[in-house]
Amino acid sequence: MFSIVAPVWNEAASLPEFISRVSEVMQAQGKSWELLLVDDGSTDGSAELITQAAQKDSRIRPVLFARNFGHQIAVTAGMDYARGEAVVLIDADLQDPPEIIPELIAKWREGYQVVYAQRRRREGESFFKRFTASFFYRLINRITAIEIPLDTGDFRLMDRRVVDVLNQMREHHRFLRGMSAWVGFRQVGVPYDRAARFAGQTHYTLGRMIRLALTAITGFSFFPLQVATYLGFVTALLAILAIPVVIAVRLMGSAAFFGQATTLIAVLFFGGVQLISLGILGEYIGRLYDEVRGRPLYIVRQGPDDAAPKRPTAAKRHKKN
Ligand code: UDP
Ligand code: MG
């Protein structure tokens, strides 16, 4: 069986088209399949559309979140519920053409465990988005130990073994592209042209993109922490070198390095360096705190196999408090 996992947040305008295109493509494969539609707390009626579609077609399995948890978490929930031997992650806005899925499946049949779709072109996205995205991938590959293939998104196929490993990694700040590169296995890319959105606007605002970038960097490297160390060494060295220089200059009777301005600049500089270092520490500690609390990654208000809205999750939360 193949599982298709699609996160949905306010995609009512594209959903019917998405469902029919996926169904058509999967029908042609001649194997059994399921489509997991994870509603990430939509407010535009997407959840109702998903429920209706599931009533008409039992291969469509709805996972409805209690609120918006974010794209990466929605995909994670879909992977938790997926039962297939291979799982395909795809966006519901039709930017990832479902027609590429057979190519991913073909590579999987050749024996690859992770088949990621690699963007050759991107339509309908601003220069700024493309520039920041390409800068981001290059930065990640430079400073982290993992090798994330350039210009890949979450559109990919993963073998059951890979999905089982990823499902065991319950980190709250998730960067799935990185995690699926981290696990290893045999990986290969399939080039494709990323389409423009079928309808609506991107939900990845600049703020969300920066957050995802921070998750990727802190999730896979200590580089920012090390930057604080390097900065410390460099400034300490500068200070040590400056001491004899200042003494010599003063002994020669020069008026350099007198006055408040010099002191003030030094104090402000070190204040800045220290605050930045504290902030970097804070980023890691905040994430650590999130992990330690061990809250559930997401709260499902209705899963694919529930008849009525589920209660136990709310009860469990209550017991914990
Ligand atoms: N999405 C989601 N939760 C969110 C943000 C996005 O489930 O908080 C879904 C969205 O419906 C879409 C996919 O994730 O199917 C990708 O989002 P988007 O198209 O906004 O990102 P982009 O393609 O611009 O990177
Ligand atoms: Mg999109």
Side-chain angles (χ1 to χ4, degrees), residues 4-19 21-22 35-50 53 60-82 87-98 100-101 116-137 140 148 150-156 172-178 192-213 215-216 297-302:
I4 315 292
V5 169
V8 177
W9 189 37
N10 295 340
E11 305 284 5
S14 350
L15 257 183
E17 173 81 6
F18 174 73
I19 293 173
R21 271 171 68 182
V22 168
L35 171 60
L36 281 140
L37 291 171
V38 185
D39 173 66
D40 190 10
S42 300
T43 50
D44 71 340
S46 294
E48 289 71 24
L49 278 179
I50 292 173
I60 296 176
R61 302 177 70 216
V63 179
L64 311 183
F65 277 2
R67 65 166 169 85
N68 180 253
F69 280 89
H71 171 218
Q72 299 283 304
I73 300 289
V75 173
T76 303
M79 286 166 56
D80 286 339
Y81 282 99
V87 178
V88 177
L89 312 182
I90 186 168
D91 285 354
D93 60 3
L94 287 167
Q95 279 199 284
D96 309 328
I100 305 292
I101 296 176
Y116 49 84
Q118 205 158 14
R119 297 182 276 247
R120 225 174 1 209
R121 281 178 45 208
R122 306 175 127 202
E123 304 250 348
E125 286 179 313
S126 65
F127 171 76
F128 179 74
K129 172 122 187 181
R130 278 175 295 147
F131 175 77
T132 47
S134 104
F135 172 75
F136 168 70
Y137 285 110
I140 297 287
I148 300 174
L150 291 183
D151 302 318
T152 58
D154 287 322
F155 187 22
R156 60 187 58 226
H172 282 239
H173 296 270
R174 300 175 85 75
F175 182 59
L176 283 165
R177 273 156 257 184
Y192 80 113
D193 296 330
R194 189 160 164 91
R197 261 180 163 273
F198 184 73
Q201 295 254 317
T202 176
H203 301 302
Y204 268 94
T205 53
L206 185 62
R208 274 178 185 246
M209 270 163 45
I210 291 174
R211 240 187 297 158
L212 187 67
T215 299
L297 283 183
Y298 51 84
I299 300 164
V300 171
R301 103 181 129 84
Q302 193 181 337

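This chain uses plain numbering: 1 for the first residue, then up along the sequence. Start at 1 and go down the list; that is how both ligands and their atoms are numbered. Basis for what follows: all heavy atoms, side chains included, without hydrogens, waters or symmetry-related copies.
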* To do: List the atom of A92, the atom of A6, and the distance in Å for their closest heavy-atom pair.
  =>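 Reported closest heavy-atom pair: CB-CB, 4.3 Å.
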* If every non-hydrogen atom of R21 is compared with every non-hydrogen atom of P98, which pair is closest and at what distance? ->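 Closest approach of R21 to P98, heavy atoms only: NH2-CD, 3.7 Å.
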Protein heavy atom at shortest distance from [atom]:
{"atom": "atom 20 (O) of ligand 1", "answer": "H203 N, 2.5 Å"}
{"atom": "atom 19 (O) of ligand 1", "answer": "D93 OD2, 2.6 Å"}
{"atom": "atom 14 (O) of ligand 1", "answer": "H71 CD2, 3.2 Å"}
{"atom": "atom 3 (N) of ligand 1", "answer": "D40 OD2, 2.5 Å"}
{"atom": "atom 16 (C) of ligand 1", "answer": "D91 OD2, 3.3 Å"}
{"atom": "atom 15 (O) of ligand 1", "answer": "P7 O, 2.8 Å"}
{"atom": "atom 24 (O) of ligand 1", "answer": "T202 OG1, 2.5 Å"}
{"atom": "atom 21 (O) of ligand 1", "answer": "Y204 CD1, 3.2 Å"}

Which ligand 1 atoms, with their elements, are less than 4.0 angstrom from a heavy-atom of [X]?
{"X": "R208", "result": "4 (C), 5 (C), 8 (O)"}
{"X": "Q95", "result": "19 (O), 22 (P), 23 (O), 24 (O)"}
{"X": "A92", "result": "15 (O)"}
{"X": "V8", "result": "7 (O), 11 (O)"}
{"X": "E11", "result": "10 (C), 11 (O), 12 (C), 15 (O)"}
{"X": "N68", "result": "3 (N), 4 (C), 8 (O)"}

Do [X] and [Y] come close enough that some side-chain heavy atom pair is under 4.5 Å?
{"X": "P62", "Y": "D39", "value": "no"}
{"X": "L37", "Y": "E11", "value": "no"}
{"X": "L176", "Y": "T76", "value": "yes"}
{"X": "F18", "Y": "L35", "value": "yes"}

* Is there a nitrogen or oxygen of Q201 sitting under 3.5 Å from a nitrogen or oxygen of ligand 1? ->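 For ligand 1, there is no N or O atom that lies under 3.5 Å from one belonging to Q201.
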* Asked: So, is A74 polar-close to ligand 1, with some N/O to N/O distance under 3.5 Å?
  ->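 It does not: no N or O of A74 is found under 3.5 Å from an N or O of ligand 1.
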* Contacts of the Mg ion (ligand 2) with protein N/O/S atoms, counting only those under 2.8 Å ->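 N, O, S partners closer than 2.8 Å: D93 OD2, Q95 OE1.
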Is there a donor-acceptor pair under 3.5 Å between the side chain of [X] and the backbone N or O of [Y]?
{"X": "Q72", "Y": "H173", "value": "no"}
{"X": "R194", "Y": "G153", "value": "no"}
{"X": "T152", "Y": "Q118", "value": "no"}
{"X": "D193", "Y": "R120", "value": "no"}
{"X": "D93", "Y": "Q95", "value": "yes"}
{"X": "S42", "Y": "A47", "value": "no"}
{"X": "D151", "Y": "R119", "value": "no"}

* Member of L89, V87, I90, D91 meeting the side-chain contact (heavy atoms from CB on, under 4.5 Å) criterion with V75 ->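 Only match with V75 under side-chain contact (heavy atoms from CB on, under 4.5 Å): L89.
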* To do: Could you tell me whether R194 approaches ligand 1 through its side chain, its backbone, both or neither, with non-hydrogen atoms closer than 4.0 Å?
  =>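 The answer is the side chain.
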* Asked: Is it true that M209 lies under 4.0 Å from ligand 1, counting heavy atoms only?
  ->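 No; M209 lies far enough from ligand 1 that no heavy-atom distance drops under 4.0 Å.
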* Asked: What pairs with F65 under ring-ring contact (aromatic ring centres under 6.0 Å, His included), at least two apart in sequence or on another chain?
  ->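 Result, ring-ring contact (aromatic ring centres under 6.0 Å, His included) vs F65: F69, Y298.
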